Amino acid sequence: MPDVVRRLRATGELGRIRLSWEGEAYHPLVDHYAIYASVDGADEALLAQTVYATFVHSGLGGRARSVRYRIVTVDAAGRRSRPSSAVTGTSVESVAVSGAPIATVGSFDHKSLELALAPNGYAQFPTRFPNDVDFTHGVHAPGTDWAYLHPGPADAWAGRKAHRFTLRFGLDAVPAADPWLAIWLIDTHATNPGTVTIALNGTPVRDVALEKGATRGSLEGDATLPGTVLKPSYVELALPRAALAPGENTLTIDKPAGSWHAYDAIGIFTHP
Amino acid sequence: MIPLERRSFLALTGVSTAAVVLGTGHPAAAGYDGKVPPAPFTLGVASGSPLPDGVVLWTRLAPEPLAADGHGGMPRRPYTVHYEVADDAAFRRVVARGQALASPELAHTVHVEVRGLRSNREYFYRFRAGGEISPVGRTRTAPGPRDTPTELRFATASCQAWYHGHFTAYEHMATEDLDVLFFLGDYIYEYAINANNLWRQGVPMPAPEHNTETVTLSQYRLRYSLFKTDPNLQAIHAHVPWLVTTDDHEVQNNYADEWSETGITPADFLRRRAVAYRAFYEHLPLRAVSLPDGPSMALYQRLGWGRLAEFTMLDNRQYRDTYPAGVVTDNSPERHNPDRTILGAQQERWLYEGIARTRATWNLLSTGVVMAQIDRDTGPGELYSNDMWDGFPANRDRLFAALQRSSATPVVLSGDIHRHVAAELKTDWRDPDSATLGVELVGGSIGSDGDGAETDSFGPLWLGNPHVKLYNARRGYLTGRLTPTELTSEFKTVPYVTRPGALVTTAARFVTEAGRPALNREV
C-alpha cells in the first residue's frame with residue numbers, strides 16, 4: 001500500500017492556504033495525492049489531485065476561510081492509502097473585505113476580465129496606452145482605462161522600458177489612520193516577475209518584489225476556472241497618512257525591473 | 001550510466017527483478033490468465049529498438065482507453081499476455097512465442113524483449129489476452145554487426161499535437177517501405193485541451209479531464225491514451241520499429257533537468273518528471289533498462305545497422321543546464337561558459353567514446369532540438385535560442401571535435417520547431433566556405449501548429465543563416481535512404497491537417513555523399 005503522508009501543514013495567507021507534506025514519492029511511485037477539504041465546516045470533498053508535495057489552495061477570496069484538510073496517496077497501480085491525519089488552516093482576511101473602499105479599480109474576484117485589453121490584448125498596449133495608464137477614480141472606467149497587463153522593462157512588445165500606472169483619487173479629509181492599498185494580481189511572469197515601486201503623492205512608499213507566476217495571465221484572465229495554471233498573488237500594505245492631503249491624491253505604481261504582471265483589481269481602503 | 005549492452009544483460013539475467021516481472025517476458029508472467037474485458041487492444045501494437053537478434057514488442061490492455069483514472073478500464077489485477085512472432089503475416093511459421101505480465105503498476109502495458117531472432121529480417125507479431133487477439137504488427141531485426149547492408153530506409157517524426165490536426169502524415173508514412181522510424185520528441189503535449197486548441201476537425205471535444213495541464217500520472221497516462229487512439233498513429237507503430245527520444249513536452253515546455261519555467265520547485269518538479277517519464281516508458285516500445293527509477297530514465301542509447309550506420313539516440317532534456325542568463329533568447333557572455341552542457345557530463349563521455357569507436361560509414365545522431373547555429377537577429381546583431389543546442393555552444397564544439405576525429409559521416413536528425421529545415425553543419429559558422437562536417441535534417445511536425453504554409457514569418461530568419469538550405473512551414477515527415485555511398489533525404493509535406501485526407505508531396509530532396517557531407521538539392 002502507498003505510504004500515508006506525514007507532517008501535513010497548513011499556512012494561511014491572504015486569499016489562500018499553503019499546504020505541504022512529506023512522503024515517499026518513488027517506491028511505490030505516487031500517481032498523485034488526492035487532497036480532501038472541508039471549507040468552513042461544509043462536507044469534505046475532493047479539492048485537487050497533484051503529484052507535488054505542496055499545494056496552494058488559492059482563490060479563497062478576501063474573507064478569512066477555515067479549511068480542514070486530509071490527503072490520500074494514490075500509487076501507480078491505483079492503490080489508495082488510508083487518509084492522513086487532518087490539519088486545519090485559516091486564510092488571512094483582505095483589507096478589500098475588512099476595510100471601507102476609498103477608491104477601487106476592478107473587482108477583487110481573481111479575474112482580469114473587466115479590465116481594458118483583457119484577457120489577451122496586450123499587443124495593443126503601446127497604441128491604446130502610449131502614455132501608460134493614468135486613471136482618475138470616478139471619471140475613468142476599468143474596462144477602457146486600466147490595462148489588465150502592466151508591462152515591465154523586460155517586455156520588448158512594450159518598448160523595453162519602465163511603465164507607470166497612476167491612480168488619482170479624491171479625499172474630503174485625511175483619514176485618522178493609515179489607509180491600506182490592495183493590489184490583487186491574477187498572474188505574473190514565471191521567471192522574471194520583477195518589482196513594483198509604489199509612491200503616494202511623490203513620497204516613496206515601498207518597493208515590492210512580486211511573486212513568480214505562471215506566465216499565462218497575459219493570455220487568459222480567469223483564475224477561478226478548474227485546472228487553471230494562473231498563479232494569483234497579492235500585495236497589501238499600509239499607505240502613510242502623512243503623505244495624503246485633502247482633494248486629489250495620486251498613487252503611482254512603477255515597474256522598474258522585470259516583465260509584466262496581470263491585474264485582478266486595485267483599491268485603497270480605510271483600515272478597520 | 002551503464003552502457004546499454006551491459007544494462008540489457010543485467011535486466012535479462014534477472015538482476016532488475018521488478019523490471020523483469022513488469023511486462024518484459026519473464027516466466028513469472030504465467031498464471032494470470034482469466035477473463036479479460038472485451039476488446040482490450042484499443043491502442044494498437046508497436047515494436048522498437050531493433051537489435052540483430054531481437055526487438056521490443058509493445059501493447060497495452062485498455063478496453064476503455066479514456067477512462068479518467070488512466071487505467072484504461074482494466075481491473076486492478078495483473079493479466080498474462082501471450083505473444084507470437086512469425087515469419088509471415090498469416091502466422092503459419094511462428095518462430096517465437098511467450099508471455100508477459102500486464103500489471104496495473106504499468107497501466108497494463110507490456111514490453112516484450114524478444115531474442116533469438118535472425119538478423120536483418122522482417123517479422124510479424126501479435127498478442128493474445130484471454131480470448132482476445134490483437135492486431136498484427138510488422139517489425140524487423142537489424143543486420144549483424146559485421147554485415148554491410150545495401151541500404152537503410154528510415155523516417156523521422158516529431159511533435160504530434162493530436163489536438164492541432166489529423167495524423168495524415170503518418171497515414172502516408174505507413175505506405176512507405178521503411179526499416180526504422182526515429183521519433184525525435186514531443187509524442188504528447190502537456191497543455192490543457194479545450195476549444196482554444198482543438199483544431200482537429202470531426203472529433204468530439206475531449207472530456208473535461210483533458211482540459212488541464214498534465215501533472216499526475218493519471219493525467220499523463222490519459223494523454224498518451226488520447227493521442228494513441230489515432231488510427232494513423234497506430235498504423236505507423238504497427239508498420240515499422242521505432243527508436244525514440246523525448247524533447248520537452250513529454251514533461252513540460254522548455255524544462256531543463258529539474259528546472260521548470262513555471263516556477264515549480266525542483267523537489268516538486270522531479271516528482272512530476274518521474275510520473276511523466278513513467279507514462280512515456282509505459283506507452284512506447286522501450287527496453288526494461290529504460291524503466292525509470294524515480295525521476296531518472298536511462299534513455300540515451302546506441303544501436304547499429306551493421307557497418308552501414310550507427311544510431312545514436314540522445315537525451316537532450318534530462319541533464320541539461322538552465323538558460324545561461326535566465327532568458328530563452330540572448331547572446332549573453334554566459335552562453336559561452338565552457339562548462340555548459342546540454343547532455344550532461346556522463347552522456348557526453350559516453351557519446352564521444354562511441355563516436356571514437358564506431359566503424360560505421362554513417363553516424364545518425366537523433367536529438368530533440370536543432371543543433372545547427374541559428375542567428376535569430378536578421379540585422380547586424382546576434383541572438384540565439386538557448387532552448388536549442390545554440391544555448392550550449394561549448395557542448396556543440398566538443399561534439400564537433402569528436403565527430404571530426406571519426407571517419408563516419410554525421411547526420412543529425414532533430415525536430416522541435418514544426419518546420420522542415422535542412423542545414424549544413426559548419427566547422428566555422430561565420431565562414432560559409434569553411435568545411436562542412438555533417439548535415440542536419442530537421443523534420444517538420446506531424447500535427448503541431450495545424451495546417452501551416454509553405455513559408456511563414458520565421459523563414460527569412462532561418463534562411464538568413466547561409467548554412468540553412470531549406471525552410472518549409474508545412475506539416476509532414478522526413479524519409480532517408482542510406483547506402484554505403486550516399487544518403488537521399490526527402491522532406492514530405494501535406495497541405496493541411498485540420499481536415500483529414502490531404503495528399504503528400506515531396507517538398508525537397510537532397511543527396512549527401514558519404515565522406516563528403518553537403519546538401520545537394522535535387523528537388
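Proteins come first, then strands; the chains are lettered A, B, ... in the order of their sequence lines, and each starts at number 1. Being a predicted model, the structure only gives us computed values, none of them experimental.
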(request) With a 4.5 angstrom heavy-atom cut-off, could you sort out which part of B:R76 is near chain A: side chain, backbone, both or neither? (result) side chain
(request) Sort out for me which of B:Q219, B:H108, B:R272, B:E213 touches chain A most, counting heavy-atom pairs under 4.5 Å. (result) B:R272
(request) Answer yes or no: does atom OH of A:Y36 have more than 12 heavy-atom neighbours from other residues, nucleotides or ligands under 6.0 Å? (result) yes
(message) I need the contact set between residues 253-261 of chain A and chain B: heavy-atom distance under 4.5 Å, sorted by residue number.
(response) none
(message) Can you tell me how far apart CG (A:L29) and OH (B:Y277) are? Round to the nearest 0.5 Å.
(response) 13.5 Å
(request) Please flag which part of A:H189 lies under 4.5 Å from any non-hydrogen atom of chain B: side chain, backbone, both or neither. (result) neither
(message) To the nearest 0.5 Å, what is the distance between CG on A:D31 and CD on B:E105?
(response) 12.0 Å
(request) Measure B:D293 against the heavy atoms of chain A and call it side chain, backbone, both or neither at under 4.5 Å. (result) side chain
(message) Within this structure, what is the OG1-OH distance for the pair B:T265 and A:Y52, rounded to the nearest 0.5 Å?
(response) 8.5 Å
(message) Under 3.5 Å, is there a donor on one side chain and an acceptor on the other for A:Y26 and B:R278?
(response) no
(request) State, with a plain yes or no, whether a side-chain heavy atom of B:Y220 is found less than 4.5 Å away from one of A:V51. (result) no
(request) For chain A, find which of B:E261, B:H71, B:E282 contributes the most heavy-atom pairs closer than 4.5 angstrom. (result) B:H71
(request) Give a yes or no on whether A:R128 atom CZ has more than 12 heavy-atom contacts from other residues, nucleotides or ligands under 6.0 Å away. (result) yes
(request) Might you work through the side-chain contact (heavy atoms from CB on, under 4.5 Å) test for B:S218 and A:Q49, ending with a clear yes or no? (result) CA-CA 10 Å; B:S218 306; A:Q49 298 175 338; 5.6 Å; no
(message) As a quick check of understanding, evaluate side-chain contact (heavy atoms from CB on, under 4.5 Å) for B:V215 and A:T50, giving each step before the final call.
(response) CA-CA 7 Å; B:V215 170; A:T50 183; 4.2 Å; yes
(request) Let me know if B:P295 has heavy atoms under 4.5 Å from chain A in its side chain, its backbone, both or neither. (result) both
(request) State whether the side chain of A:K231 and the backbone N or O of B:T262 hold a donor-acceptor pair below 3.5 Å, judged by distance alone. (result) yes
(message) With a 6.0 Å cut-off (strictly less than), is the heavy-atom count around CZ of B:R77, excluding the residue itself, greater than 12?
(response) yes
(request) Might you point out which heavy atoms bring A:A53 and B:D268 nearest each other, and give the distance in Å? (result) N-OD1, 2.8 Å
(request) Would you give the length of the straight line joining atom OG1 of A:T191 to atom CG of B:N254, rounded to the nearest 0.5 angstrom? (result) 10.5 Å
